[in-house]
Asks: 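I'd like to ask you about the structure that follows.
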Amino acid sequence: MTVIHDRRPLSRRLVLSRGAALVGAASSGLLLPEIVRAQGNKVKVGFMLPYTGTYAQLGVAIENGVRMAIAEKGGKLGGREIEWVKLDDESNPAKGVENASKLVQADKVDVLIGTVHSGVQMGIQKVARESGVLNIIPNAGVLAATRALCAPNVFRTSFTNSQPTMALGKPMMDKGLKKAVWITWKYAAGDEAFEGFKEGYTKAGGTIVKELGVAFPNVEFQALLTEIASLKPDAVACFFAGGGAAKFMKDYAAAGLKDKIPLYGSGFLTEGTLEAAGDAAEGVMSTLHYADSLDTPRNKAFRTAYARDFKMQPDVYAVQGYDAGQLLLLGADAVKGDLANKAALYKAMGSASIDSPRGKWTMSKSHNPIQDIYLRKVENKDNKVLGVAAKQLADSGAGCKMA
Ligand code: BEZ
């Protein structure tokens, strides 16, 4: 479903709709070109994000972040007003191509901001590569998007799926946790998070005793938790996110595992889930490119403004959306709003250095962030930073050839 939000002041809306009515009747040639030019001059920004299902909160946080970054700079892109379009992609990969095509062909967006789910991103990637539409990925970590299927018009402000988990191995081994079970949702995000975990943990000397999986977005974990209890590993590492992550931590605690087998995760496990998970999340360790408690003026100002504007606490998804907004602003400013000037637009975005609440990051040649990965521990419903687990970590970008 596409919903168009019109956030123009009422007076402006009345002027335009009155003008539109006049167009049909007017014999004067003066009014029509003026109205058409005013509307055509807007930049059309499409959000293709999940607004329902287990990733619904992630979509909302991303949209909030994008809007906040742009509002902070006057609400325009390169001097042009914005028309926003929203589409709920339901985290459904089967509808990825159809939904992205609708935004590009029917809604004619200039920029497509999306999405969260790696499988859905594969649909967007196809449409972006074929149509040439500017796509900013504010979350989905699917490797191919900035490796073999990279494209000059696709930029990511988040991570690749293997980036956060690559950094988990050393802190686990430092604690003497030599044998681990891996558990995940079985789809690209979980499988590729496992690639990163396997590389980091085995390099540090750890052994993975079992890989367990459940289909996305299934949250029936009981049988697998029973299996973990019987395997008795030193630790469990996992990838889950959104509503399913909160349920996993609660079930892990309810199964009596929390105080026996330390739980580690790709940091999405504890992002936006701490209220819902409650005590079950306390003590959970993870690695991610953001942490609530980063003690920098930039992060503190961001968190205060976000909480004021949206009456909720920001998380990594809000930060990734905020940086998508910053990246778009930077590109649009470089071409003074002329987004058709693609060479200059992509050059500016490709050489971006972003001053983010997560810390400064730069864009790699394959258009993925080069960024610090933090080690975090949940304490009093907060992702407390314990240190930097990997400094300025870049994805390999293997197989990326920009056309
Ligand atoms: C993904 O599908 O790429 C993803 C979804 C939620 C959090 C992190 C990654």
Side-chain angles (χ1 to χ4, degrees), residues 48-63 65 88-96 99-100 113-125 135-147 149 154-168 183-197 213-219 237-249 265-274 276-277 286-290 314-321 323-324 358 368-369 371 373 376 383 395:
M48 179 163 155
L49 293 168
Y51 293 104
T52 52
T54 199
Y55 286 163
Q57 285 178 12
L58 286 58
V60 171
I62 288 168
E63 180 184 337
D88 177 8
D89 69 29
E90 304 162 39
S91 294
N92 184 351
K95 290 196 204 158
N99 282 332
I113 299 181
T115 189
V116 166
H117 184 288
S118 279
V120 180
Q121 181 58 36
M122 290 303 280
I124 296 180
Q125 199 79 16
N135 171 215
I136 302 180
I137 309 172
N139 185 72
V142 61
L143 298 177
T146 52
R147 290 194 186 176
L149 295 179
V154 177
F155 297 84
R156 181 149 49 196
T157 60
S158 49
F159 55 87
T160 55
N161 286 322
S162 58
Q163 262 180 321
T165 42
M166 191 89 75
L168 264 180
I183 179 166
T184 187
W185 269 322
K186 285 300 290 173
Y187 79 101
D191 294 343
E192 294 175 354
F194 177 66
E195 270 183 45
F197 175 64
V214 54
F216 175 87
N218 192 334
V219 289
C238 67
F239 167 84
F240 292 106
K247 168 87 165 45
F248 178 74
M249 288 186 283
S266 182
F268 306 106
L269 183 66
T270 58
E271 286 297 311
T273 57
L274 297 181
S286 64
T287 42
L288 198 68
H289 47 284
Y290 180 65
D315 54 21
V316 73
Y317 311 106
V319 171
Q320 292 165 176
D323 289 354
R358 74 182 92 166
N368 189 67
Q371 56 193 337
I373 307 289
R376 309 115 43 92
N383 282 298
D395 185 76

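All ligand and atom numbering here is 1-based and tracks the order in the structure.
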Asks: Using a 4.0 Å cutoff against the non-hydrogen atoms of Ala241, which atoms of ligand 1 qualify?
Replies: 6 (C), 7 (C)
Asks: Say whether Gln121 and Asn135, considering side chains only, have a donor N or O and an acceptor N or O under 3.5 Å apart.
Replies: yes
Asks: Under 4.0 Å from a heavy atom of Ala140: which atoms of ligand 1 are those, numbered in the order shown and with their elements?
Replies: 3 (O)
Asks: Do Ser158 side-chain atoms and Asn139 backbone N/O form a donor-acceptor pair below 3.5 Å?
Replies: yes
Asks: Specify side chain, backbone, both or neither for Phe240, according to which of its non-hydrogen atoms lie closer than 4.0 Å to ligand 1.
Replies: neither
Asks: Tell me which protein heavy atom sits closest to atom 2 (O) of ligand 1, plus the residue, atom name and distance to 0.1 Å.
Replies: Tyr187 OH, 2.6 Å
Asks: Quick test: of every protein heavy atom, which one is nearest to atom 1 (C) of ligand 1, and how far off is it to 0.1 Å?
Replies: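 Scanning the protein heavy atoms, the shortest distance from atom 1 (C) of ligand 1 goes to Val116 O, 3.2 Å.
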Asks: Once rounded to the nearest 0.5 Å, what's the spacing between atom CD1 of Ile137 and atom CD of Gln125?
Replies: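 CD of Gln125 is found 5.0 Å from CD1 of Ile137.
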Asks: Is there a polar contact between ligand 1 and Gly141, counting only N or O atoms under 3.5 Å apart?
Replies: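 Yes: some nitrogen or oxygen of Gly141 is under 3.5 Å from one in ligand 1.
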Asks: Given the rule in the side-chain contact (heavy atoms from CB on, under 4.5 Å) test, do Gln320 and Arg156 qualify, once you have shown the distances and angles that lead to the verdict?
Replies: CA-CA 9 Å; Gln320 292 165 176; Arg156 181 149 49 196; over 6 Å; no
Asks: Using a 4.0 Å heavy-atom cut-off, which part of Phe216 comes near ligand 1: side chain, backbone, both, or neither?
Replies: neither
Asks: If you compare all heavy atoms of Asp395 against all heavy atoms of Thr160, which two are closest, and at what distance to 0.1 Å?
Replies: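 For Asp395 versus Thr160, the nearest heavy atoms are OD1-OG1, 2.9 Å.
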Asks: Closer than 4.0 Å to some heavy atom of His117 - which atoms of ligand 1 meet that?
Replies: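 Taking each heavy atom of His117 in turn, ligand 1 has 2 (O) under 4.0 Å.
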Asks: Check whether any side-chain N or O of Thr165 sits under 3.5 Å from a backbone N or O of Ala193 as a donor-acceptor pair, and report yes or no.
Replies: yes
Asks: Looking only at protein heavy atoms, which one is nearest to atom 3 (O) of ligand 1, and how far off is it?
Replies: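 For this ligand atom, the closest protein heavy atom is Ser118 OG, 2.6 Å.
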Asks: Mark yes when over 12 heavy atoms from residues, nucleotides or ligands other than Gln57 sit less than 6.0 Å from its CD; otherwise mark no.
Replies: no
Asks: So if I count the atoms of ligand 1 from 1 in the order they appear, which ones are less than 4.0 Å from some heavy atom of Asn139?
Replies: 4 (C), 5 (C), 6 (C), 7 (C), 8 (C), 9 (C)
